[in-house]
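Encoded as structure tokens, the structure appears first; notes follow it.
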Amino acid sequence: QLQLVESGGGLVQPGGSLRLSCTASGFTLDYYAIGWFRQAPGKEREGISCISSSDRYIYYADSVKGRFTISRDNAKNTVYLQMNSLKPEDTALYYCATMRVRFRRCGLASNGYDYWGQGTQVTVSS
């Protein structure tokens, strides 16, 4: 059974860092694009970063560019999102997602993804 599990969220002060993990089971993560999304209360879901199979394409939303870094560890079947210089406006529930079809180019639109994790909460506050 295909499953994505996010972890690594928590409470951090402004300017701090967190590393989120998205661990897959039931499929080989390296063959699939992975996207990271977030949703704050009262706001629409926002695509913030994605990585295609074999790291061929990597994209960031302008809101996180230069602060967040996406990477994957195929041996652990995990994709990471390193988040630095966190701001209160980064507070949200963070999700990872993947596509049904292998080797597709990733994108930041949520409707391109078929399977989602349950999310991990990130709160940036002093």
Side-chain angles (χ1 to χ4, degrees):
Q1 181 179 357
L2 189 151
Q3 189 176 16
L4 295 171
V5 178
E6 303 93 337
S7 61
L11 174 64
V12 64
Q13 292 186 344
S17 298
L18 284 174
R19 189 178 75 162
L20 304 184
S21 299
C22 173
T23 301
S25 59
F27 69 105
T28 302
L29 199 63
D30 188 35
Y31 298 161
Y32 295 86
I34 297 292
W36 280 101
F37 298 82
R38 68 185 181 186
Q39 189 165 20
K43 294 188 177 181
E44 293 186 356
R45 186 172 294 182
E46 176 190 16
I48 56 173
S49 185
C50 71
I51 185 168
S52 294
S53 60
S54 301
D55 302 356
R56 184 174 182 183
Y57 300 102
I58 292 177
Y59 300 110
Y60 297 97
D62 289 343
S63 58
V64 305
K65 198 172 295 181
R67 301 188 297 123
F68 291 9
T69 304
I70 193 170
S71 63
R72 66 167 82 224
D73 184 337
N74 294 329
K76 296 183 178 180
N77 222 29
T78 297
V79 169
Y80 301 101
L81 186 68
Q82 178 67 43
M83 307 188 298
N84 298 329
S85 303
L86 284 162
K87 306 174 182 180
E89 51 264 44
D90 294 318
T91 295
L93 189 60
Y94 283 69
Y95 301 88
C96 64
T98 191
M99 300 177 179
R100 180 178 295 113
V101 179
R102 297 186 302 175
F103 308 122
R104 287 192 68 182
R105 186 171 181 170
C106 76
L108 298 182
S110 61
N111 60 5
Y113 293 82
D114 304 296
Y115 303 105
W116 294 78
Q118 83 290 346
T120 185
Q121 178 67 38
V122 172
T123 303
V124 184
S125 174
S126 55

Whether the S17 and N84 side chains hold a donor-acceptor pair (N or O, under 3.5 Å, no angle test) is what I'd like checked. yes
Check: T78/T23 side-chain N/O donor and acceptor closer than 3.5 Å: yes
Does E46 have any side-chain hydrogen bond (donor to acceptor under 3.5 Å, both in side chains) partners at least two apart in sequence or in another chain, and if so, which? R38, S63
If you round to the nearest 0.5 Å, how far is [atom2] of [Y] from [atom1] of [X]?
X: S52; Y: R104; atom1: OG; atom2: CZ; result: 10.0 Å
X: S7; Y: Y80; atom1: OG; atom2: OH; result: 8.5 Å
X: I70; Y: L81; atom1: CD1; atom2: CG; result: 6.0 Å
X: S25; Y: Q3; atom1: OG; atom2: CD; result: 4.5 Å
X: D55; Y: C106; atom1: CG; atom2: SG; result: 10.0 Å
X: Y60; Y: K65; atom1: OH; atom2: NZ; result: 10.0 Å

Hey, can you tell me if W116 and Y113 have their rings parallel, tilted or perpendicular (30° and 60° cut-offs)? perpendicular
May I ask you to decide if the ring planes of Y31 and F103 are parallel, tilted or perpendicular, using 30° and 60° as cut-offs?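 The rings of Y31 and F103 sit tilted, inter-plane angle from 30° to 60°.
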Just wondering, are more than 12 heavy atoms of other shown residues or ligands nearer than 6.0 Å to CD in E44?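 12 or below, so no.
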Verify the neighbour count for atom OH of Y115: are there more than 12 heavy atoms of other residues, nucleotides or ligands below 6.0 Å?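 Check passes, neighbour count above 12.
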Treating D30 as the side-chain partner and N74 as the backbone partner, does any N or O pair qualify as donor plus acceptor under 3.5 Å? no
Is there a side-chain contact between S125 and P88, using heavy atoms and a 4.5 Å cut-off? no
Taking the side chain as C-beta and beyond, is there a heavy-atom pair between L108 and I48 under 4.5 Å? no
